[in-house]
Amino acid sequence: MSVDDRRFPRRVYRAGAEPDVRFSLANERTYLAWVRTSLALLAVGVALEALQLPIERSFGLAASLIFIGLGAVTPVQAWFGWMRVERALREARPLPAPAMAGPLGVGVCLGGAVLLIGVLVK
């Protein structure tokens, strides 16, 4: 059994040739940054509900749900983004852009806008 047969996910590691380890490690750090971002979004969503903040209740709940939803989706971006980039590295193709970065950015702006309105209405 070769090393590539023991590594997960196999569909990534069976493709192409082994890239420079520095690029794979940089890709892994990017994956971990997305995971940290997910944890931060989840923490914001929970904090909005757990703390007594001067925000109109319905707007606070809406913002909380937005941030928790974003926090739940972000690890999906992290995993599939890592796989797409690792595979591109192994196949010497141009690196793909993060597929969910735009929608996540829009979601954070939306959550922030809902919070701002909630503060102004209170």
Does [X] use its side chain to pair, donor to acceptor, with the backbone of [Y] at less than 3.5 Å?
X: Q77; Y: M100; value: yes
X: S64; Y: G60; value: no
X: N27; Y: V85; value: no
X: S38; Y: W34; value: no
X: R90; Y: V12; value: yes
X: R14; Y: P9; value: no

Would you say E91 has more than 12 foreign heavy atoms packed within less than 6.0 Å of its CD?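 Result for CD/E91: enclosed.
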Work out which heavy atom in [X] is nearest to a heavy atom in [Y]; give both atom names and the distance.
X: R84; Y: P96; answer: NH2-CB, 3.1 Å
X: I68; Y: L42; answer: O-CD2, 3.6 Å
X: A88; Y: L95; answer: CB-CD2, 4.2 Å
X: A62; Y: V114; answer: CB-CG1, 4.0 Å
X: L89; Y: S24; answer: CD1-N, 4.2 Å

Checking side chain to side chain contact (heavy atoms under 4.5 Å, CB included) for the pair E28/E86: CA distance, chi angles, key distance, verdict? CA-CA 9 Å; E28 184 177 341; E86 191 66 25; over 6 Å; no
Tell me whether L32 is reachable from F8 by hopping between hydrophobic residues (I, L, V, M, F, W, Y) whose side-chain heavy atoms are closer than 4.5 Å. yes
For L48 and L53, run side chain to side chain contact (heavy atoms under 4.5 Å, CB included): C-alpha distance rounded to whole Å, both residues' side-chain angles, the deciding distance at 0.1 Å, then the answer. CA-CA 7 Å; L48 286 171; L53 300 172; 3.8 Å; yes
Dump the intermediate steps for side chain to side chain contact (heavy atoms under 4.5 Å, CB included) on L115 and F67, then the final yes or no. CA-CA 11 Å; L115 278 177; F67 286 115; 3.9 Å; yes
Is it true that R57 and E49 have a side-chain N and a carboxylate O under 4.0 angstrom from each other?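 Result for this pair is yes, salt bridge flagged.
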Taking 4.0 angstrom as the limit, do E18 and R7 come out as a salt bridge?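 Yes, this pair counts.
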Report the relative orientation of the aromatic rings in Y31 and W79; use parallel for angles under 30°, tilted for 30 to 60°, perpendicular for over 60°. perpendicular
Side chain to side chain contact (heavy atoms under 4.5 Å, CB included) evaluation trace for F59 with V121: CA-CA 9 Å; F59 286 96; V121 169; 4.3 Å; yes
